[in-house]
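Below you'll find the structure, written out as structure tokens, and then a few comments.
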Amino acid sequence: MSGFIKILLSLSCSGTFLIIILLLLKPLYKNKLSQKWQYYIWLVVIARLLLPFTTKYNILENISGQIYYIFIQTNEKENILKQDQHFPDKATSKNVKTSTPVANQKENNIKKQNNTINNNTTTRQIIKLLIENILLFLKKNIFYIWIITTVSLFIHKVTIYQCFTRYLKASQAEISSLNIWEQLGNMLEKLHIKTTVSIYTNSMVSSPLLIGFFHPCIILPSEEIQDIDLQNTIHHELIHFIHKDMFYKWLVQLTICIHWFNPFVYLIARETGRLCELSCDEEVIKKLDEKGKREYGNTLLNMANTEKKFKNSIVSVTLNEGKKLLKERLDKIMVFKRKTITHTCLSIALTLILCTTAATTGNANITKTGTKQINKENAYTQTKNSNNTTQQNKDTIDSLISKGRVIFDNGIYYILCNGVDVKDKSNGSVTDGCIGISLELKNGRYLSIAPIDIKKDLDGLTEYVERVCNNEIKKKNITKEEAGLMTGLAKKLEKGNGKIDEITDISIARQYKKYGITEKNNTFYYKNKRIRIFIDIRADQSFVRFSYDKKGTVNIKITRNKKGKISNVKSLSKKEADKYLT
């Protein structure tokens, strides 16, 4: 869950970066590029907010890491950064007490100052403790807070839309005018729309609007509309249907529900709502002459005169959405000019730039960045060779695993360094569902990592191990190379969900030995007889081990109980063993 929140914060950060870019560039392209381009370019931002993809090069890695570090890792920061706070001690006087009023007054003043200091100190400690508890609660429950808020907002929006359409259907009336049906049919034929489109009147709506995703329905305020206004109105609403603006609006609302904590996403709804109407107007008037443009402008004015009786839903598409927007739409109609090839090339270039920016500001590795921030505040500097060192450490841990120098025993992964033998390692165990890491050094020295719960804390294992190792390096207890072995193993454990199949579990070998089963050079023996088919099966019928050795002479089957302990060891006939083999 913490990994999901990291990705969500990264996407939100990346989307915010694109929103800021578009808003800053708006004065440059507002009057030069088509309204249609300005409308659909926001889909790039929405895609960045919803789709967790990225390239290897990520320009927002540090920014998103900083946000995750500040918001999620505050408690860790408190433990690492030591803040010295000096408060005056309670004053004591060694002078001889006097009974003069001046001396008494001084003593009382000192006591009052001390009490004030103590009270202020206590208040600060209480506030600090309260803030820490709040941050700890948020850290533990942030996913549930997010999911509850997201689902609640989405259900709320769906409910509002359903109520809106229900009220419209309850008070709508059939169209009796043949002229309206004829105008609708002509426009459907002109725009090559084969979908059935319904049309009704409703005295409750403020202006013509379109509802419905797959079965579109045009709602008119009344049948008493002039022919040219009717033609322009139907044309406008059908363009909304062709552009799939209903789907676009719902996509925007879904984005807002997911990123409800980000104030910038609400700007997307404002901009796309405005551009939705402007791009639709542009599509309608691009084939009209000057007279047709004036008539279309008059249609917008005539529809604006309708008294508003019912508030339109945020996910409906309407002919008119306010006086301020109406003025802008009329201005755009008056100055409309067809875009040149230069404008088209500029649109393509800006689209490519924004898409490239979106691809390189994606799902940053926040955990890694947060760790860098902690190391920075601990005065550890990053060098140019850090990437090479990390790769060398990874190669080293892989090499040790291949040589059998990393073993698993009683829930703990042991890294055997500098020739340390298995019999010389430290002994320990962890509870079921947890894992530990122990770095075994010379002369009985070792560095052990506290048990990690696989289900709850595995996502932060690498970060936790790095933090412990950095402290041990500072104390000169281990070297950077030895720390690299531990972090390398931690990364493999995170990737393998707490398990690495290549590492030998010597606790299983000890179990086998109790029942006369031994292993030498990857060959198993049962009472000194070489095993042909060796089966170790759990209670749920999954295999702990299955091996086949054509040179073997006996077949052995081990069964385990629900707790994973061996319950039975028996020999199989060749016929029984061959069933497993086939």
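The main-chain N or O of T559 is found under 3.5 Å from a side-chain atom of S567 such that the two form a donor-acceptor pair. Not one N or O on the side chain of E466 forms a donor-acceptor pair closer than 3.5 Å with the backbone of T487. Side chain of R405 to main chain of V420: a donor-acceptor pair is present (N/O by atom type, distance under 3.5 Å, no hydrogens or angles). Proximity of a side-chain donor or acceptor of R48 to a complementary backbone N or O of A358 within less than 3.5 Å is detected. Between the side chain of S12 and the backbone N or O of L8 there is no donor-acceptor pair closer than 3.5 Å.
Here the CG atom belonging to N568 is positioned 12.0 Å from the CD1 atom belonging to I537, to the nearest 0.5 angstrom. Atom-to-atom distance recorded for Y526:OH and Y515:OH is 10.5 Å, nearest 0.5 angstrom. A distance of 9.0 Å separates CE in M486 from SG in C417, rounded to the nearest 0.5 Å. Within the model, atoms CD1 of I478 and CG of L441 stand 8.0 Å from one another, a figure rounded to the nearest 0.5 Å. The distance from the CD1 atom of I449 to the CD1 atom of I412 is 11.5 Å, given to the nearest 0.5 Å. For the atom pair CD1 of I517 and CD1 of I556, the computed distance is 6.0 Å after rounding to the nearest 0.5 Å.
Every residue two or more places apart in sequence or in another chain that forms a salt bridge (charged side-chain N to carboxylate O under 4.0 Å, His left out) with K425 is listed here: D409. Among residues two or more places apart in sequence or in another chain, the salt bridge (charged side-chain N to carboxylate O under 4.0 Å, His left out) test is passed with K244 by none. Taking the side chain to side chain contact (heavy atoms under 4.5 Å, CB included) definition, one finds that Y266 meets it with I256, W260, sequence neighbours left out. Shown here are the side chain to side chain contact (heavy atoms under 4.5 Å, CB included) partners of L354, two or more places apart in sequence or in another chain: L18, I21, L22, I41, V44. Shown here are the salt bridge (charged side-chain N to carboxylate O under 4.0 Å, His left out) partners of K529, two or more places apart in sequence or in another chain: there are none. By the side chain to side chain contact (heavy atoms under 4.5 Å, CB included) test, L352 pairs with I348, sequence neighbours left out. By the ring-ring contact (aromatic ring centres under 6.0 Å, His included) test, Y29 is found to be paired with W37, residues two or more places apart in sequence or in another chain being considered. With sequence neighbours left out, the salt bridge (charged side-chain N to carboxylate O under 4.0 Å, His left out) criterion links R530 to D549. Here D540 pairs with R538, S542 under the side chain to side chain contact (heavy atoms under 4.5 Å, CB included) rule; sequence neighbours left out.
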Practice item. Evaluate side chain to side chain contact (heavy atoms under 4.5 Å, CB included) for L153 paired with H156, printing each intermediate quantity in order. Key: CA-CA 5 Å; L153 283 174; H156 177 68; 5.6 Å; no
Review point. Taking it one step at a time, do S448 and S426 satisfy side chain to side chain contact (heavy atoms under 4.5 Å, CB included)?
Key: CA-CA 9 Å; S448 181; S426 59; over 6 Å; no
Exercise for review: Take N262 and T16 through the side chain to side chain contact (heavy atoms under 4.5 Å, CB included) test and state the conclusion after the steps.
Suggested key: CA-CA 8 Å; N262 186 347; T16 300; 2.6 Å; yes
Review point. Should L43 and Y248 be marked as a side chain to side chain contact (heavy atoms under 4.5 Å, CB included) after you check the CA-CA gap, both sets of side-chain angles, and the distance that decides it?
Key: CA-CA 9 Å; L43 284 174; Y248 197 160; 3.7 Å; yes
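The salt bridge (Lys or Arg N to Asp or Glu O under 4.0 Å) analysis of residues 565-582, with sequence neighbours excluded, yields the pairs R532-D578, K574-D578. Within the structure, every pair that satisfies the ring-ring contact (aromatic ring centres under 6.0 Å, His included) test and touches residues 472-513, not counting sequence neighbours, is listed here: Y512-F534. The ring-ring contact (aromatic ring centres under 6.0 Å, His included) pairs that include a residue from residues 410-440 are F408-Y413, where partners are two or more places apart or lie in different chains.
For the pair L49 and I268, the minimum side-chain heavy-atom distance is below 4.5 Å. Considering only heavy atoms from C-beta on, T431 stays 4.5 Å or farther from P451 through its side chain. Considering only heavy atoms from C-beta on, F524 stays 4.5 Å or farther from V554 through its side chain. L33 places a side-chain heavy atom less than 4.5 Å from the side chain of L346. Here the side chains of I500 and L489 are in contact, with some heavy-atom distance below 4.5 Å. At least one side-chain heavy atom of L461 sits under 4.5 Å from a side-chain heavy atom of L458. Proximity of I435 to I454: side-chain heavy atoms (C-beta onward) are separated by under 4.5 Å at one or more points. Counting heavy atoms from C-beta outward, I437 and L493 have side chains that approach closer than 4.5 Å.
In the displayed structure, Y446 atom OH is contacted under 6.0 Å by at most 12 heavy atoms of other residues, nucleotides or ligands.
Between Y580 and F543, the ring planes are perpendicular. Angles over 60° get that label, and only those under 30° would be called parallel. Using cut-offs of 30° and 60° for the angle between ring planes, the H259 and F261 rings count as tilted.
Looking at every heavy atom in both residues, A269 comes nearest to V252 through CA-CG1, 3.7 Å. The shortest heavy-atom contact between T150 and C257 is OG1-O, 3.2 Å. I533 and Y548 make their closest contact through CG1-CD1, 3.7 Å (heavy atoms, listed as atom of the first residue, atom of the second, distance). Here the shortest heavy-atom pairing between I415 and L485 reads CD1-O, 3.8 Å.
Only one option out of K492, E494, K495, K491 pairs with T462 in a side chain to side chain donor-acceptor pair (under 3.5 Å); it is E494. If you run salt bridge (charged side-chain N to carboxylate O under 4.0 Å, His left out) between D536 and each of R545, R560, K557, only R560 comes through.
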